[in-house]
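Each remark here refers to the structure printed beneath this line.
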Amino acid sequence: MNEIGSEQLQQSKHQGTVVEAAPAPAVPPRLLPRLWLLLALAVVVGSAARVGLWVAYAGDARPLQHLWPALGQGVRYDLATSASVAWLILLLGIPLLLLRRRMLAVRFAEWLLVFTLAIFMLAAACEHFYYAFYKTRFDPVVFGLFEDDTLAILRTVWDEYPVVQGLIGLLILVFALAWSVPRMAAWLDRRIPRATRLGRPFAIVVQLFLLLALARGSFGTFPLVRQDLIVSTDPFVNELVLNAPLALYKAIRTNAKEAQIGDDAEEGLHKLGFSSVAEAASVAGLPVTDPSKVPAALFKTAPGQTRSLAESPHVVLALLESFGNDLLYTDGPGNDLLGRLRPQLARGYRFGNFITGQNGTHSELETLLLGSPITPLTRGRNATIAFDTSAALPFKRAGYKTAFVYAGGASWRRIGEAFSRQGFDRVYDSRDIQQRFPKARGTEWGIYDEYVFDFAADLLEQADARGERLFLFVLTTTNHPPYSLDTPRRKLPLNPNALGPRADEDKSELQKMLETYQYQADQFGAFLDRLDSGALRQRVILAAAGDHNLRTHYRYDLPAEVPDVDRVFGYLRVPDALKPAVPVDSQAFCGHADLVPTLVSLALPGQRYFATGRNLLEPVADGGQALALYQRLYTREAVLFPLQKPEAHAWRDSRHIAVKGEPPSPKLLGRARQVAAEIALRDWHLRSAVIAARRGRSASR
């Protein structure tokens, strides 16, 4: 109390009255503390929802300690979600702050906070019971509420679930929030120190930066939503990581990107210019045109005498990330791009005109393993469909064990869920590899190739020791942006200047690209060396190819240099006993569609498979053919595109085509029409499977 105030108080006492001290001024409300309150309460709601799912569905067999990783990673997603909403609230409140309506902005933020948390709780409650029915978090099937008999579904929900009790409980929680949030916010206003006039801008900037970092979820190259959701080998635990709003958002995104397959199975067939299944079957040269018999005609039986499982080889099919072919033109002593793969090439067949089927890893997976011209096919609701075209099925029927090994997380594009239904006994991912090799490291996208190939070799050796035969698919990730190699590796010479003047001008970035490319080739060569050094030397058939080109290392002159965009590394090696007596045309055009037919023909005589291509070791007429992106048909005479109404772009040399297309000869046009018919029938067959599965789901509800 100052001196003047003390004197006034003394005078008042002498006069017989007491003047009470003025009440402390109210603390001005602040917006940012309310945003931090939103983040804290969102974490509480998200964690409570995860615990609720665990209590209801985990079962007694799961140890409680398995819950902690999901809760820990889940907090990061809760913070990212709520921080994003906090930014939205802040942006909506800025106009009021500029108009000096601080109190209105603060109250507006409080009500938006309550509304947001109410939505979070509603989503969590709905997902809790959604999981009880579908045994999964929100996925695109949730949109069946609007696509099927909505009233019937709502009646089922009303009859089967405690809707009234749930709504009452939710209303009680919302009213509790509406009462408590302003009081908690006022308490924060009193407890959080106010910055000085000079320090206030700095404090605001720091808080905004933190909110932005939390919304992004990471200080690294990629935001949190690009990170792996795998925290355990238990799929149920992994499903707990996302919160309900993010799971719903993910379902919306997946549903929007899902291939929209309607009720017309002939839709794709018509787009390729065929009026009916019968017409396409006739143009494709099938022995039948009756639509009821055409599906069987799309499959072939591998020639030869069926052999016992003990006499059969193991089979490996590898898809190598971004292993384009054009970089290999610059390979040499001063720019060693192959490493230990170099001597291995002479022990097998390297195909110089191997054309990529698609220009993306996931779309190529569907082309290679399912023979699908439709992409995405196995995402969204279709992830639960088992397709009869799967590459693993002939091996499964023959008694093989089947395994899918992916360097990244099995949650990526739902490949773990999708391909576990395609005849693969087990889908292994980064978590399994890291459990086998605790020191294994990786990039944003997956475990480094060295450990992936070691894991694959272990699976082969263990299967062989048990007397089993293994069909093994391997998908790598290291040769992918951001081209990071934080792992011990062999130091081999590289020269970015060898790529010429149209290479990426950023030589440091180009150096990193070359390093990951070289590393992948070298580690693949080391894998082949290991197979050669043991009992598996003459007991493995192996096919490998790049999924697509490297993309960003070079400025292409298109369309003249489109062959360099479409060519990828292609390689096949077989035991001596299975090598053909006649020379193999390794310069004939071929592609991903030929790999599975080749492997089945060599390993499984007498087995039925989806006929997407030819056996690469058999003689081929007319220099072969290959189709890139279901649009560009490569032949020895020309590259024809687009497939629906092709023009022929003649070859100028082995790497360049004419920019201007010409009308194709009748022979080439007939060839293109036959390929289009084959693709149309594959499209029709897979659409029919999706439509049948959809109707089956509707009938079972």
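- When Trp445, Phe419, Tyr428, Trp412 are each tested for a ring-ring contact (aromatic ring centres under 6.0 Å, His included) with Tyr406, only one passes: Trp412.
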Original post:
Going through the checks in order, is the side-chain contact (heavy atoms from CB on, under 4.5 Å) test met by Asn238 and Val231?
Top reply: CA-CA 6 Å; Asn238 295 328; Val231 297; 3.6 Å; yes
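- Residue Leu681 comes nearest to Ala284 through the heavy atom pair CD1-CB, 4.0 Å, listed as atom of the first residue, atom of the second, then distance.
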**OP:** Could you please spell out the steps behind the side-chain contact (heavy atoms from CB on, under 4.5 Å) verdict for Lys271 and Gln644?
**Re:** CA-CA 8 Å; Lys271 287 180 180 178; Gln644 296 91 328; 5.8 Å; no
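- Judged by distance alone, with hydrogens and angles left aside, the side-chain atoms of Gln607 form no donor-acceptor pair with the main-chain N or O of Val600 at under 3.5 Å.
- Atoms CG and CD1, on Leu686 and Ile374 in that order, are 5.5 Å from each other to the nearest 0.5 Å.
- Counting heavy atoms from C-beta on, the side chains of Val277 and Leu269 come closer than 4.5 Å.
- A distance of 9.5 Å separates OG in Ser312 from CZ in Phe395, rounded to the nearest 0.5 Å.
- Distance alone, capped at 3.5 Å, is enough to place a donor-acceptor pair between the Thr389 side chain and the Leu370 backbone.
- For Ser363 (side chain) and Gly360 (main-chain N/O), a donor-acceptor pair under 3.5 Å exists by modelled atom type.
- Under a 4.0 Å N-O distance rule, the pair Glu678/Arg682 does not qualify as a salt bridge.
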**OP:** Kindly indicate, with the supporting measurements, whether the criterion side chain to side chain donor-acceptor pair (under 3.5 Å) is fulfilled by Thr478 and Glu321.
**Re:** CA-CA 7 Å; Thr478 302; Glu321 176 65 52; over 6 Å; no
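- A 6.0 Å sphere centred on OH of Tyr249 holds no more than 12 heavy atoms belonging to other residues, nucleotides or ligands.
- The shortest side-chain heavy-atom distance between Ile415 and Asp429 does not fall under the 4.5 Å cut-off.
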**OP:** Under the side-chain contact (heavy atoms from CB on, under 4.5 Å) rule, what do Leu298 and Phe610 come out as? Steps first, then yes or no, please.
**Re:** CA-CA 6 Å; Leu298 298 178; Phe610 196 46; 3.8 Å; yes
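- Within the 4.5 Å cutoff, no side-chain heavy atoms of His548 are placed close to those of Glu364.
- In this model, no donor atom of one side chain and acceptor atom of the other lie less than 3.5 Å apart for Ser322 and Asn479.
- Other residues, nucleotides and ligands contribute over 12 non-hydrogen atoms within 6.0 Å of the NZ atom of Lys396.
- Side chain to side chain, Asn243 and Thr81 meet the donor-acceptor criterion of an N or O pair below 3.5 Å.
- Arg62 contributes a side-chain N or O that, together with a main-chain N or O of Ala58, makes up a donor-acceptor pair within less than 3.5 Å.
- Ring geometry for Phe527 versus Phe453: interplanar angle under 30°, hence parallel rather than tilted (30 to 60°).
- A salt bridge does not link Asp454 to Arg436: none of the charged nitrogens lies less than 4.0 Å from a carboxylate oxygen.
- Side-chain atoms of Arg50 come within 3.5 Å of backbone atoms of Gly46 as a donor-acceptor pair (strictly under, hydrogens ignored).
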**OP:** Give the intermediate values and the outcome of side-chain contact (heavy atoms from CB on, under 4.5 Å) for residues Tyr609 and Leu604.
**Re:** CA-CA 10 Å; Tyr609 65 95; Leu604 304 175; over 6 Å; no
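- Taking OH of Tyr130 as the reference point, atom CG of Leu248 lies at 9.5 Å (rounded to 0.5 Å).
- Glu366 and Thr375 form a side-chain donor-acceptor contact under 3.5 Å, judged by distance and modelled atom types alone.
- Under the side-chain hydrogen bond (donor to acceptor under 3.5 Å, both in side chains) test applied with Asp388, the options His685, Gln422, Arg608 reduce to a single match, His685.
- With a 4.5 Å cut-off on side-chain heavy atoms, Val294 and Thr289 do not count as touching.
- Scanning both residues, Ala302 and Ser601, for their nearest heavy atoms gives CB-CA, 3.8 Å.
- No donor-acceptor pair under 3.5 Å is formed between the side chain of Ser47 and the backbone N or O of Val44.
- Met121 and Leu170 make their closest contact through CB-CD1, 3.8 Å (heavy atoms, listed as atom of the first residue, atom of the second, distance).
- When side chains are defined from C-beta on, Ile261 counts as touching Leu377, because their heavy atoms get closer than 4.5 Å.
- Taking 4.5 Å as the limit, every side-chain heavy atom of Phe471 sits out of range of all side-chain heavy atoms of Pro394.
- Taking every heavy atom of both residues into account, Ser372 and Thr367 meet most closely at O-OG1, 3.3 Å.
- Atom CG of residue Asp547 and atom CG of residue Asn359 lie 9.0 Å apart, to the nearest 0.5 angstrom.
- Between Phe354 and His592, the two ring planes are perpendicular [angle over 60°; tilted spans 30° to 60°].
- Taking 4.5 Å as the limit, every side-chain heavy atom of Leu472 sits out of range of all side-chain heavy atoms of His314.
- A salt bridge links Arg687 and Asp683; the closest N-O separation between the charged side-chain nitrogens and carboxylate oxygens is under 4.0 Å.
- In terms of heavy-atom proximity, Arg137 sits nearest to Val241 at NH1-N, 4.2 Å.
- Nearest heavy atoms, Asn549 versus Val568: N-CG1, 4.0 Å.
- At a threshold of 4.5 Å between non-hydrogen side-chain atoms, the residues Phe424 and Leu393 do not count as touching.
- Thr598 places a side-chain N or O within 3.5 Å of a backbone atom of Arg614 that can act as its donor or acceptor partner.
- For the pair Glu127 (side chain) and Phe138 (backbone), a donor-acceptor distance under 3.5 Å is present.
- If you take CG on Leu369 and CG on Leu595, they are separated by 10.0 Å, rounding to the nearest 0.5 Å.
- The distance from atom CD of Glu279 to atom NE2 of His270, rounded to the nearest 0.5 Å, is 10.0 Å.
- For the pair Arg469 and Tyr400, the NZ or CZ position fails the cation-pi test of under 6.0 Å to the six-membered ring centre and within 45 degrees of the ring normal.
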